[in-house]
Visitor: 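One structure is given below, represented as structure tokens, and several questions about it will come after.
In what follows, every chain begins at residue 1, and chains take the letters A, B, ... in the order their sequences are listed. Quick note: numbers below take in every heavy atom, side chains included, and nothing from hydrogens, waters or symmetry partners. Every value quoted in this text rests on a predicted model; they were computed, and no experiment measured them.
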Amino acid sequence: MSVKPPFYITTAISYPNGVPHMGHAYEAIATDCMARFKRLDGYDVRFLTGTDEHGIKMLQTAQRAGVTTRELLERNVPRFQAMVETFNLSNDDFIRTTEERHRISTQAIWEKMAANGDIYKSTYAGWYSIRDEAYYAESETTLNDAGVRLGPQGTPVEWVEEESYFFRLSAYQDRLLTYYAENPGFIAPDTRRNEVVSFVSGGLQDLSISRTTFDWGIPVPGDPKHIMYVWVDALTNYITALGYPNVDGDFAKYWPADVHVIGKDIIRFHAVYWPAFLWSAGLEAPKRVFGHGFLFNRGEKMSKSVGNVIDPFDLAATYGVDAIRYFFLREVAFGQDGSYSHEAIVNRINADLANDLGNLAQRSLSMISKNLNGLVPTPGPLSPEDEAMLALAGGMLEKSREAMEAQAIHLYLNAVWAVVAEANRYFAAQAPWALRKTDPARMETVLWVTAEVIRQVGIMVQPVMPESAAKLLDLVAIPVAERGFDRLAPAFRLPAGLALPTPVGVFPRYVEPEAAT
RNA sequence: GGCAGCGUAGCUCAGUCGGUGAGAGCGCCGGAUUCAUAACCCGGAGGUCGGUGGUUCAAAUCCACCCGCUGCUACCA
């Protein structure tokens, strides 16, 4: 038995100063799909998600709510964990940056970077709001009529210089550009790489990586009045979860990460700072950083003021978890922005799931049930049409792999649904219901081919819709242990004579609640 | 302003190292069918391929300019 190749994939860690919105769920679903795909394809997958719990904004949110940061976390983090449960994520770990393992890991990487001469103490200067306890860029501030400079929250700001530790990011410009050039797949999609290369080419300044104005964070080793500021803390989560600073065991096995899935807004931190931090600490950079797009409600950005923020739990309850997973992964070209609406979701559910796949299964399996006592038919000689159908299905895995190598989840689903569509054409053209009287043997062959295609589609669709795919595979009586992608090989085709359960609908149509009565 | 990208059927998009009458899905119209979740199948309508000019035997596909849109242009994540 060969050793499974390792595959390490992560989501960004969510900032729990609020509750999860659909954007969080989207990233998690997409990453879960990739993780499941790789597992089914024979990889030893490690899939990480979690929460980023430090920083000034957590502190501010807690203060506004009149609670401690710990209380705020106790309130919000469970919501993110519930999201993970609700959307059926297969993550192997859920990291919280307030955990002790993370403090150890983060202080360790800091010390490595410091030992390498990349951290030095200097002063950080900027427009600071005492009330907000935050620095603002000058562009974020305004001068009011009285000539007082105000921050975005409307609070007065003043020019402050504080002691801060800096990371020598400027020293890594050439190495980064070389890395981008030699690893064109490091930043994806291409448009994001262009932006990053352009940014780094423009020159890099050193980075302020500590603060003394608040204390909600991990203390700097040896200088506890400083806490680490945002990115060293946040990014390090990816190696904490592998046991860093222990570089044996999981770390040795899974690092460097195969894919960091993140939102396009934080591409720079992952594609510029993170490799530099890692190199400074004597570690390898990840293999790929993929920046996905944003979701829009009916084409409009979700915002609290517009009142169109969608609760992912509501969506799951309304349409079903698998349907939502399918909708977002099929409808949105992964990497680009996407739009959703009730109409679009219902359309996908009814057209793709109920009408195409669900109905294909029902119409074919019910014929087997009614005419063949529920036993998988025995195929006779295969006609050119049968061969063509099986050949198309047989090509699904390779096309899907190719798509998923580039995180093109939508293209993988296109490939699968092309098979589903062809299977419906095949079924209609062969008309087994007519063959029932004219050529029962031929009918058996057609039903066998169709059921075999359903088996293959069922296997292929597991990464997107784990629950529904399992039900589909139950209908063709495939044991749980025989649902990996290796089982798509011709040697494992549906065995004649296998007893199938009475078919039941797996993908019900979505009917408007009003019309339901 | 600079850099990058985009603008193709009602909608979302594919196609572009130039070359059979410009495609898919959804939507729409018509037909057929009744195995099936009123689903599936077949056919059809619908496009100055942003605009102008140019290169070429031939351009959605190359070049120039113009119009419109988007992203990036550092320490808010």
Visitor: Return yes if a side-chain donor-acceptor contact under 3.5 Å exists between Thr240(A) and Asn237(A), otherwise no.
Guide: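 Side chains of Thr240(A) and Asn237(A): no pair found under 3.5 Å.
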
Visitor: Considering only the P atoms, how many Å lie between C17(B) and C29(B), rounded to the nearest integer?
Guide: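 Those two atoms are separated by 38 Å.
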
Visitor: So, OP1 or OP2 of C40(B): does either fall under 4.0 Å of a side-chain N or O from Tyr426(A)?
Guide: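 It does not, given that no N or O in the side chain of Tyr426(A) lies less than 4.0 Å from OP1 or OP2 of C40(B).
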
Visitor: Which part of the nucleic acid, if any, lies within reach of Ala354(A) when heavy atoms closer than 4.0 Å are counted: base, sugar-phosphate only, or nothing?
Guide: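 Result for Ala354(A) = base.
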
Visitor: For Tyr229(A), report the nucleic acid contact type (base, sugar-phosphate, nothing); a contact means any heavy atom under 4.0 Å.
Guide: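 Answer is sugar-phosphate: Tyr229(A) comes under 4.0 Å of backbone atoms only.
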
Visitor: Reckon Asn355(A) has a side-chain N or O less than 4.0 Å from the OP1 or OP2 of C40(B)?
Guide: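 Yes, within the criterion.
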
Visitor: My understanding is that a pair needs two contacts under 3.5 Å, Watson-Crick or G-U wobble. By that rule, which nucleotide pairs with U12(B)?
Guide: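 Looking at the geometry, U12(B) pairs with A24(B).
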
Visitor: Within the structure shown, what part of the strands sits under 4.0 Å from Ile266(A) by heavy-atom distance: base, sugar-phosphate, or nothing?
Guide: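 The answer is nothing, as Ile266(A) stays clear of every strand by at least 4.0 Å.
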
Visitor: So, using salt bridge (charged side-chain N to carboxylate O under 4.0 Å, His left out) as the criterion, who are the partners of Glu162(A) when residues are at least two apart?
Guide: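 Testing Glu162(A) for salt bridge (charged side-chain N to carboxylate O under 4.0 Å, His left out), a comparison that skips the adjacent residues, returns none.
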
Visitor: Should we count CD of Glu163(A) as having more than 12 external heavy atoms under 6.0 Å?
Guide: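 Yes, because the 6.0 Å sphere around CD of Glu163(A) holds more than 12 heavy atoms from other groups.
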
Visitor: Taking atom P in both C49(B) and A22(B), what distance in whole Å separates the two?
Guide: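 The answer is 11 Å between these two P atoms.
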
Visitor: Tell me which of Ala421(A) and Lys57(A) sits closer to the 5' end of RNA chain B, going by the nucleotide each one is nearest to.
Guide: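 The residue whose closest nucleotide sits nearer the 5' end is Ala421(A).
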
Visitor: Atom CG of Asp265(A) to atom C1' of U70(B): distance rounded to whole Å?
Guide: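 Value for this atom pair: 16 Å.
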
Visitor: Between Phe199(A) (CZ) and G5(B) (P), how many Å, whole number?
Guide: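 Taking CZ of Phe199(A) and P of G5(B), I get 20 Å after rounding.
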
Visitor: Does Gly203(A) reach a base, just sugar-phosphate, or nothing at all? Heavy atoms under 4.0 Å.
Guide: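 Base contact - Gly203(A) has a heavy atom under 4.0 Å of at least one base atom.
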
Visitor: Grab the CG-C1' distance between Asp337(A) and G5(B) for me, whole Å please.
Guide: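 Value for this atom pair: 13 Å.
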
Visitor: Taking any strand in view, what nucleotide pairs with C49(B) in a Watson-Crick or G-U wobble way, both distances under 3.5 Å?
Guide: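 No nucleotide pairs with C49(B).
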
Visitor: Compare side-chain N and O positions of Arg509(A) against OP1 and OP2 of A39(B) and report whether any pair is under 4.0 Å apart.
Guide: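 True: Arg509(A) side-chain N/O within range (under 4.0 Å) of A39(B) OP1/OP2.
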
Visitor: Would you mind classifying the nucleic acid contact of Arg192(A) as base, sugar-phosphate or nothing, using non-hydrogen atoms under 4.0 angstrom?
Guide: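 Since only primed, P, OP1 and OP2 atoms lie under 4.0 Å of Arg192(A), the category is sugar-phosphate.
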
Visitor: To the nearest angstrom, how far is Leu360(A) atom CG from U34(B) atom P?
Guide: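 After rounding, the gap between these two atoms is 19 Å.
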
Visitor: If the P atom of G10(B) is compared with that of G47(B), how far apart are they to the nearest Å?
Guide: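 The answer is 7 Å between these two P atoms.
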
Visitor: Check the phosphate of A36(B) against Lys370(A), side-chain N and O only, distance under 4.0 Å to OP1 or OP2. Yes or no?
Guide: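 For A36(B), OP1/OP2 do have a side-chain N/O of Lys370(A) under 4.0 Å.
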
Visitor: Check the angle between the aromatic planes of Trp433(A) and Phe427(A) and answer parallel, tilted or perpendicular using the 30° and 60° thresholds.
Guide: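 It falls in the tilted class, 30° to 60°.
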
Visitor: With a cut-off of less than 4.0 Å, is there a side-chain N or O of Arg268(A) near OP1 or OP2 of U73(B)?
Guide: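 Checking Arg268(A) against U73(B): at least one side-chain N or O falls below 4.0 Å of OP1 or OP2.
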
Visitor: Does Ala428(A) or Ser198(A) map to a spot on RNA chain B nearer the 5' end, using the closest nucleotide for each?
Guide: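 Nearer the 5' end of the strand: Ser198(A).
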
Visitor: Could you tell me how the ring of Tyr120(A) sits relative to the ring of Phe166(A): parallel (under 30°), tilted (30 to 60°) or perpendicular (over 60°)?
Guide: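 Tyr120(A) and Phe166(A): parallel rings.
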
Visitor: From the list A4(B), U34(B), C40(B), which nucleotide is the closest neighbour of the side chain of Asn194(A)?
Guide: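 Looking only at heavy atoms from C-beta outward on Asn194(A), the closest nucleotide is A4(B).
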
Visitor: Within the 4.5 Å heavy-atom criterion, are Arg442(A) and Thr445(A) side-chain neighbours or not?
Guide: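 Side-chain contact under 4.5 Å: yes.
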
